[in-house]
Every structure is written in C-alpha cells, then in structure tokens.
Protein chains: 2
Amino acid sequence: MKAEAVEAEALLPAAPQAGSGRANNSRIVGTSVHASVANEIGQRIVRGDYPPGSILPNEAKWAETFEVSRSAVREAIKMLMAKSLLSSRPKVGSWVEPRDRWNLLDRDVLTWYATSPNREAFLISVQEFRHIIEPEATALAALRRTDEQMAEISTACREMGEATSLPQRTQADTRFHLAILRASGNELLVPLGTLIESALAHLFVFVTREADDLRHAQGLHEAIEKAIRLRRPEAARNAVRKLLANTDEVIARV
Amino acid sequence: MKAEAVEAEALLPAAPQAGSGRANNSRIVGTSVHASVANEIGQRIVRGDYPPGSILPNEAKWAETFEVSRSAVREAIKMLMAKSLLSSRPKVGSWVEPRDRWNLLDRDVLTWYATSPNREAFLISVQEFRHIIEPEATALAALRRTDEQMAEISTACREMGEATSLPQRTQADTRFHLAILRASGNELLVPLGTLIESALAHLFVFVTREADDLRHAQGLHEAIEKAIRLRRPEAARNAVRKLLANTDEVIARV
DNA sequence: TCATATGATTTGTAGGACAATTGTTGACTC
DNA sequence: GAGTCAACAATTGTCCTACAAATCATATGA
C-alpha cells in the first residue's frame, strides 16, 4: 500500500510520557494489547462512532491505526463478536450488528454504555431494571437463603454502616446487593449483578449524600437484611421497594 | 516435542465421511474453525468437564487436539474470555472462572447450558426468571408501545393462531414475546429475549400439546395482546401471569 | 530461614504467507 | 439491451514461525 505512516492513536488515556517524543506505544500498565484494542473499538461502537449496519475499517487499517499486529486486532475483534457487537465475512469486512442484538448486560458493554454520551438514559434504564428485578430477587432470597448466604448479607450490611469513606461504603453496598442476588437461588439472576454494580458505581459519582440521608438509607438496608433473616418474602419485597424509591428520589434531585 | 501424534478429536458432530479413513478434518459446513473450537471448549466448560478454578490444557495442546493452528485456538479462547468463562496469564495458563462470573445470559453460554446434563435445572431457572421479568415488561409495553411495535405484536399473535405446524407456531410465539420486550421501552430488557427464545425452543421439544391446550394458550396470548393494545398495564400484567401459570402447569406434567 | 537469582513454561505479540469467500466488474451471448 | 457467466480483487480466515513478557518453581547463597 502507498499509505503514508499516519499518526497512530494512543490506546490508553494519555500516559504522562517520560521521554516526551513519540506519543504512542504508551501501553503503560497491566492491560494486554488485544484487551486495549477491544476496549477502544468497543467503546467507539457503543458510543455511536460506527452506527449499526455500517462497515468498520478493516483489520489491516486497525493494525495501522493502533500500531499493533493484525493478530492482536483479530483477537480484539473476536472478543467483540463474542458480545454480538460485530459480525464479519470475507471480502465484506466487519460490520456493527443491530443494537437489539448487542449483549447490553455484558460487563464490558455496560461499562462502555455507562461512559457514553447518553449517560442519563443509561442510568434511568438501569434504575428501572432494578425495580423489576430486585424486589422479586430479594423475596426469593428470603425464602431460600442458606445460613452462609445470610452471613454474607449481614456482614455487608454491617460494614456499610461502619464505613468511614464513601468508596468504602459503596463497596459494601454493592456486596450487599450481590449477596442477595446469589442468595436468591436462581443462577440466572447472578449475572445481573453487573448492572447493580454499575448503577451504584455511577450513582456514587453523582450523589453527595447528607448525613441524614445516609442514616435513612442505612435504615432501609437494615430493614431488608432483617426481612431476609426472618424469612419474610413479602416484607423483603416491600423493604426493597422503599429503598429503590429512596434512590429514585435522590436521582431526581439531580 | 516428543508427543506422539495422538488421535485428533472431531470438532463437529461426526460427518458421514466419504473416504472413511482419517476421522477428523471434518469441518463440514458454514462454521469457521475458531467458532467451532470456541463452541467445543465452551460447551465442555459449561458441561462441567473442567470445573471452575481448574487449569485448562494449554493452547498448544488444544491446537494438537483439534488439529488446528494455535492462532485459531487463541481466537476461540478470546471469545470465551469475552464471556467471562476463562481468564489466563502467561506461564500459568487459562483457567475456568468461578461460575458466578459467567455471563449466563449470553446467547451462546445459554445454549451450552441448555444442552448440558442439568437441563431440568436450567428450564426451571428460566421459567422462574420469566415470572420475574415478563409481567413487568409487558406492563411497561402497555404504557409505552408505539403503533409500529403494537403492529408487530399483533401480527405475531395472529400468526401464532394461524400456524399449521408446531415449529411455525413456536417461531411466532417467540416473535410475540420478543416484540413485547422491545416495546417495553427499556433497552436492557431486550437482551433477555435470548432467555425466552431458549425457553420456548426447549419447551417445544418437551411438550406435545393437545388441541384443547393449544386453543387455551392462544386465548391467553390474545388477552395479552388486547391489554397492550388498550394500554392497560395492570390487565397486561395479570394476563401474562396467567399465561406463565399455564406454562408452569404444562411443564409440571412432565 | 529468608532473600535472591536463574530457569523453564506459558501466554502475548509480531509479521508473513496463502486459502477461502464473495462482491464487483466486465465480457459475452441471446 | 438484458441477462448470464467468468475473471478479478479485497477482506477475512487459517497457518506458521519467531520472539517477548510474565511468572511460577527451583536452586543458590547469605
């Protein structure tokens, strides 16, 4: 090809480069090349740079763009195919699949979605989804939890109360909700934990809670814990609904 | 390496080989090599051949086993990594991730799960999941459907009634439920369509319905269609609950 | 006993070569 | 002029080889 050596794009968010000079090859830390490439391309797709149905640049082009080997690009693309973001055929190339084939519940896709321009739409969808899932999941947990699962839930709930920093509290909060999903006894509910994780992680950025709010929220969590402990599905369902309503309200303020 | 040329395993379900002789290289039809390998390894993992935490054979070993190149194996493994079934590190190898990290809601993983030894557990989980999701999703659809979406739902419902063969009917049934999910106005619900698809596909194998059952089920579907058409969320919710109860009963008979 | 090197194994990355697939173009025929 | 068919070209698919990087295990030494 006669293509001139175009400026390669950096894969990771601009590492402060020691030796100034050439701005790429800045692969910095723990991430492997194919993972970075998958991340970058995936993000662009979800962000809308390449609308569904459109043909992506071919593998050689990506390799050139990122200054990596075609093998690495191919592995990245295979990862995106596994998430149904892409398909490809010889001579045609790779194209973006229609949006309703995307596996939006995938951890990575969700992350890309959460950081894309329409963050608010995302948050609203997730919160609505929680309204559908969590009351029922918690009711099931109240019926079927084992003692070990109960211990996990109680521990997380207590650590939430004792947390001294917001990140620490958020982490305990997440553990609390994930433990409930696991205790529901339905394996298919567990993967939805990524949704909740994502929701809480992004909520925590938005929200600066007052001390009063914190105490109130803690009380709501403890009500859930209690209902599960006493094996009262109906009470559990209602307690979760109250918590979600509270969260809705916090969101609405912003 | 001193490894003897061991018998390679066939990737696809035993093609009737013309020239008898060597039993592999039987890659037959439209599937690419890396996809076949991913399918085979994925199925084995979900089936339980390699329990979570255990180390898989290394890439070279897989390449030898399937008589494909290491590149193809790597691309397959990357696909499984994208579904969180695997992780890998240099020198250590690839290991199976804990079950609760698997993306069970992924189309492929779900298929592998559905064909694994514990099919019944799978079907029960899916049906329970439907109880959680579908009533609410349908209520939302009743509130937010557009006219185009309504047309899709009505068409599918009608075609269900007019279907002359069971596969044809199942297909229309699937389209009906997927259209409702899409009409719910919550993007995150759409990916759950794979669950319902899978459920109906596998239910249809189990069940041989009587003419009476068929008429009854059709009536239940039409009730749902009507509730959505008249924008009555509460009626829609109840209609779906009735349909699911009916399905439960059919399952219980077997 | 603990820290430190060093060795070996496995994945990670690169690059090149060719096969397979298939859209496109152009020639040929009716 | 329309339609059919063959040749071409572009792109992914597959294979191969070589080396780099990471890291576990072992041995070595203080």
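Any value given below was found using the heavy atoms of this structure, including those in side chains, with hydrogens, waters and symmetry copies removed. Convention: sequence-line order gives letters A, B, ...; per-chain numbering from 1.
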How long is the line joining [atom1] of [X] and [atom2] of [N], in whole Å?
X       : N      : atom1 : atom2 : result
B/Phe66 : D/dT14 : CZ    : P     : 14 Å
B/Trp95 : C/dT11 : CH2   : P     : 10 Å
B/Ile55 : C/dT10 : CD1   : C1'   : 11 Å
A/Glu64 : C/dG15 : CD    : P     : 12 Å

Residue pairs fulfilling salt bridge (charged side-chain N to carboxylate O under 4.0 Å, His left out) with at least one residue in [range], sequence neighbours excluded:
range                       : answer
residues 77-87 of chain A   : A/Lys83-A/Asp106, A/Lys83-A/Asp108
residues 194-205 of chain B : none
residues 177-189 of chain A : A/Glu152-A/Arg182, A/Glu187-B/Arg99

Pairwise 5' ranking along DNA chain C for A/Ser71 and B/Ser94, keeping only the more 5' one
B/Ser94
Would the base of D/dG13 count as contacting A/Arg70 through its side chain, where contact means a donor and an acceptor less than 3.5 Å apart?
yes
With a 3.5 Å cut-off and sequence neighbours excluded, list the donor-acceptor pairs that the side chains of residues 89-98 of chain A form with protein atoms.
from	atom 1	to	atom 2	distance (Å)
A/Trp95	NE1	A/Glu97	OE2	3.1
A/Glu97	OE2	A/Ser87	OG	3.1

Partners passing ring-ring contact (aromatic ring centres under 6.0 Å, His included) against B/Phe122 (at least two apart in sequence or in another chain)
B/Tyr113
Please list, chain by chain and in numerical order, all residues satisfying ring-ring contact (aromatic ring centres under 6.0 Å, His included) with B/His177, sequence neighbours excluded.
B/His221
Going 5' to 3' along nucleotides 5-10 of chain D, which nucleotides have protein heavy atoms under 4.0 Å from the base (write B), which only from the sugar-phosphate (write S), and which from neither (write -)?
----BB
Please say which of A/Met79, A/Arg74, A/Glu75, A/Met81 ends up in a side-chain contact (heavy atoms from CB on, under 4.5 Å) with A/Ile77.
A/Met81
For DNA chain D, determine which residues of residues 78-89 of chain A have any heavy atom closer than 4.0 angstrom to one of its atoms, and list them numerically.
A/Lys78, A/Ser88, A/Arg89
Counting only side-chain nitrogens and oxygens, does A/Ser69 get under 4.0 Å of the OP1 or OP2 atom of C/dT13?
no
Could you pull out all residues at least two apart from A/Asp49 that satisfy salt bridge (Lys or Arg N to Asp or Glu O under 4.0 Å)?
A/Arg47
